[in-house]
Every structure is written in structure tokens, then in C-alpha cells.
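Take a look at the structure set out below.
Just so you know, these numbers use all the heavy atoms, side chains as well, and skip hydrogens, waters and symmetry mates.
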Amino acid sequence: GNCGEDDLILTYDPDDFNDTLEVYGCVSVGAFILHNVFFFEVDDNGDTIALDIFPDVNGVQNDCKFQVEVLDPFNFCGETSLMIAGQVHGPDGTGLPNFEMNLNGSGIDPVMSDENGEYSFPLMPYGGNYAVSTYNNTGVMVGVTTLDLIMIQRHLLGIQDFVSPYQYIAGDINNSESVSITDIAELRKMILGINVDFPNNISWRTVDAEHTFTYENDPWYGGLPEAYDIISLETNMNIDFVGVKVGDINGNVESNLQKEISATRSVQHLVLDTGNGQMDITTEESLNVAGMQFTLETDAISTVSISSDKFDNEYISFYEIADGVYNIIVANPEPLDVDKDEILLTITYDCADCDMSNTRILSDALSSEIYLGSSLLVTPLQIDIRGVDSADNTFYVSQNTPNPWNEYTQLEVTVGTETVVNLSIYDIHGRLIHRESRNINGGSNIIEIDNSTITTAGVYFYEISNDHQREQFKMIKLK
């Protein structure tokens, strides 16, 4: 610069020569602050004029920029970098992974909730203003079945009201801040496979876990706090959210590592008889049935109608998701008594002499389930296909026992004829860790999984499949 021998004046404000002092508080500790400083000189006549600090450059420049890092070496301010962390969990407290957590106002990238639903942002400076928000639009149909459709119907008909504000949020399929017949229609389209995304909604909604609902039957009253505002961060903060799976009224979504698996459930058998241009689905015993869901493959034979003398036809729906492949659901609000050998459903197709030998039940789309009794007990469904032109397509896989397990566990695979099945095992992140093929005989077969196959404790999924069918279950390996 060119200071000369005249008096110098340095100021932060070119219009105020007294602005020569900058004070930093604890809120600024750890920050880098950019300033402009202006140079003036007092000439021989006592006038204050701008000091040209770069006289070799055209024009007069009397300011320069500098950056200050504010430090607190003696820790007078205490904690100046603070933690913002928490957990996303379900209404029952189980942690929910794979939520995108955003700290709006921080400029940092989102973080993801881990396998226990926990998240933590990088340390943030004291005094900052932020908003913590979440986002998860994955697994749209995870945990969503025809049972949820039945439960919404029962609620709207006054048969069985929702008991939790989170059920109302889950039942608001179209995000209208209410639960109505429109939500039934939209959820039915999702289950059938007509739509693949919720209308005007995402897969998961979250609510500040500290929020108290004014009215549990109107969780939207006063606004739903789906984000958490931090006004002047002054302490470490633990901010939890309750995650609600849209469409999952009964809360059976499988999302948490620690959630134990229930004991093996018995399988309910129905019979599908083919011939004469129609298929009849009957029971082998007396039942109390509210509904069911399954996927039927007819080898590109067109289904004309599905009807019932037992269920009101407005509660029966089907949709062709591929050539000759149909998602079929029955969602009756009340369970009905069905006698042994009584016809539950009649499926009519477009020919009387079609080759039905390739008719089979698939597990690729809808899981085969039936809902029994006043408690709407979810029971695995196996439909045995019979008829002179039908192959024996029996395919049943049991839940493994024991479960959880330590040294070994076993599962039962039942098929109609000798065949090859594939055993695939995946970890909680969907990574394939084991695959093998086995020749099994017609009838019941036992497959054993032991420590040589899975060496590490955790939650796993095993899948048994052949060329046309597939079943998948979750199991827990103990240490």
C-alpha cells in the first residue's frame, strides 16, 4: 500500500469514521466472517480523504477484504458445536430405516436413518436456525394388503373404529386430511396393481414424536407437524419422528431389525376346480371368511368375470396385470360363514374347452392370504388346483422353525410332483448371501439351514422358488 507519513484512519463503514470496533459473541465461535475495511488519510490541510492503497492501478481503491476466524481458546462460551440427532420409529417404537433426513437451513447434504431408525447430522454451530424434515417414498406397497382395505371399510361403516390417530393418517390414501370412500377406491387400485403410486401422497408420513393430538380421530386438526423447527440452536437436541406407512392400517409393515417373527401360522387350503368354461373355488372345511387375496395365472386365457353367491359382488375385484395373470381380492366388511365344499368364488373365462393345465397360483404379485373370524386373522392361503386337464401345481413353503434360531432351523416345502427348487437367502439390505438348487420329491420336504450357511447374527429373508412360483419369509439368526 501507500500509507505515507500522514495519519491513517481504518473503518468498517466509509460513512462513519468511528466504526472501528467489531465485537463477536459466542454465537460466532467457530465461524469464518468476511469483512470490508476502508482506508482514509488526513492530509496537511486536515482533510480526511480516501487513501489509494493501489496507486499503480487506475482509479482509487481504498478498501480491502479480510476474513476473521472467531476462536474461543479458553472455552468461555462452553459448547459451540452442537449435535442434532434422533430416531424415526413406528407407532409401536420400532426403528425405521432408510428415511432421508434433511436439516434445512444448514447447507449440508441429507443423512439417512440407519437400520435402527437412528440418524445424526454433523455438529452444527451454536445459534443456528434450522428445520428437520424427513422423506421416504420407497416400498409403496410394503405392509399393504386387502386386510387394510377391509379395516377402512369397517371403520367407515361404524363396525370397528380406528383406535389410533396414526391409523387415520395411514388411511388417508389420497392425502385429503380425511378418510373416506375415495380412499377405499384408491387403495383398491393400488392392491390390484392398477396404480403404482398413491395419488397426491408418498409412501411414508412422519409426525414429530412429541406432538400431542388434540383430537385422536382428527390428527390433522391444528396442522400435522411433519417437520421440527429449531429457533436458535443452543443445546444438543434429540428429535424423534413417528413414521406412518400409508395404507398399512394394521401396522404390520416389516421394517425393523429387532422385530421378532411370530410363530409359524397354519395354512388354510381352498380348492380350485377347473372345467366347463369356469373355475370354482371351494372350501375343504367350514370357515368364517371376511376376505382374501391371491394372484392367478391362466396361461393367457381371458377371465370374463368373477362372481359369488356368498359375497356381495361389490366387494370382489380383479385386474389383469399381465397376459393371463390376474390379481384377485375379496374384501367383505364382515366375516361370513362358509360351509364345507361351498363355492366361494366362480371365475368365468372365455372358452369352454381351454387348456387349463398351466393354471397356477403365483406369489410374485399378491401374497396369498385369507382373513378369518371376527379378529380377521391373517392366514397363509394355499389354493390346490384340480381338474382333469390340470397339472398338480401344489406349492407350499412354511415359516422356518425355530425362529429366531441359533445352530440350525428347518422349513417345509410341499410340491405336487418331483421338481427343482431354488433356495435364496438375502440380508436385511437385500444382498444375496447364499443360493442353491435342490431336487425335491412330490409331497412334503424338509430343508435345513445351519451355521455353515449363515455365519453372522441378524435378520435375513429366505426365498423358495421354481419356474412359476415363489415364497419369501423373514427369519432371525441369533449369535
Requested in this report: Please report the C-alpha distance between N403 and K474 in whole Å, then the side-chain angles of each, then the deciding distance to 0.1 Å, and finally whether the side-chain contact (heavy atoms from CB on, under 4.5 Å) criterion is met.
Outcome: CA-CA 9 Å; N403 190 44; K474 187 168 75 171; over 6 Å; no

Query raised in the report: Hey, do the aromatic rings of Y166 and Y168 have their centres closer than 6.0 Å?
Result: no

Report task. Determine whether more than 12 heavy atoms belonging to other residues, nucleotides or ligands lie under 6.0 Å from atom CD of Q67. Result -> yes

Query - S176 side chain to S178 side chain, donor-acceptor N/O pair below 3.5 angstrom - result: yes

Query - Modelled atom types, side-chain donor and acceptor of N238 and D240, under 3.5 Å - result: yes

Query raised in the report: Do V325 and E320 come close enough that some side-chain heavy atom pair is under 4.5 Å?
Result: no

Report task. Tell me yes or no: between the side chains of D384 and H269, is some donor less than 3.5 Å from an acceptor? Result -> yes

Query raised in the report: Is there a donor-acceptor contact under 3.5 Å linking the side chains of Q293 and S367?
Result: yes

Query raised in the report: Do V397 and Q472 touch side chain to side chain, with heavy atoms closer than 4.5 Å?
Result: no

Query raised in the report: If you measure from CG on L381 to CD1 on I361, what distance do you get to the nearest 0.5 Å?
Result: 7.5 Å

**Report entry** Single hit among Y460, F461, Y426, Y462 for ring-ring contact (aromatic ring centres under 6.0 Å, His included) with F473
**Finding:** Y462

Query raised in the report: Taking the inter-plane angle between the rings of F66 and Y12 on a 0 to 90° scale, is it parallel (under 30°), tilted (30 to 60°) or perpendicular (over 60°)?
Result: tilted

Query - Pair E297 + R360: basic N to acidic O under 4.0 Å - result: yes

Query raised in the report: Looking just at side-chain N and O atoms, do N104 and S133 make a donor-acceptor pair shorter than 3.5 Å?
Result: yes

**Report entry** Residue pair E412 / S398, side-chain donor-acceptor N/O under 3.5 Å
**Finding:** no

Query - side chain to side chain contact (heavy atoms under 4.5 Å, CB included) partner of V244, chosen from I169, D172, L96 - result: I169

Query raised in the report: Could you walk me through whether E226 and R205 pass the salt bridge (charged side-chain N to carboxylate O under 4.0 Å, His left out) check?
Result: CA-CA 7 Å; E226 297 193 75; R205 308 304 294 263; 2.6 Å; yes

Requested in this report: Please report the C-alpha distance between Y371 and E369 in whole Å, then the side-chain angles of each, then the deciding distance to 0.1 Å, and finally whether the side-chain hydrogen bond (donor to acceptor under 3.5 Å, both in side chains) criterion is met.
Outcome: CA-CA 7 Å; Y371 313 111; E369 298 179 349; 2.7 Å; yes

Requested in this report: Give the intermediate values and the outcome of side-chain hydrogen bond (donor to acceptor under 3.5 Å, both in side chains) for residues N451 and K477.
Outcome: CA-CA 9 Å; N451 287 332; K477 169 70 166 68; 3.1 Å; yes

Query - Worked check of side-chain contact (heavy atoms from CB on, under 4.5 Å) between F121 and V132 - result: CA-CA 10 Å; F121 294 110; V132 182; 4.1 Å; yes

Query raised in the report: Does the side-chain hydrogen bond (donor to acceptor under 3.5 Å, both in side chains) test come out yes or no for N327 and T295, once each step is laid out?
Result: CA-CA 4 Å; N327 281 343; T295 300; 2.7 Å; yes

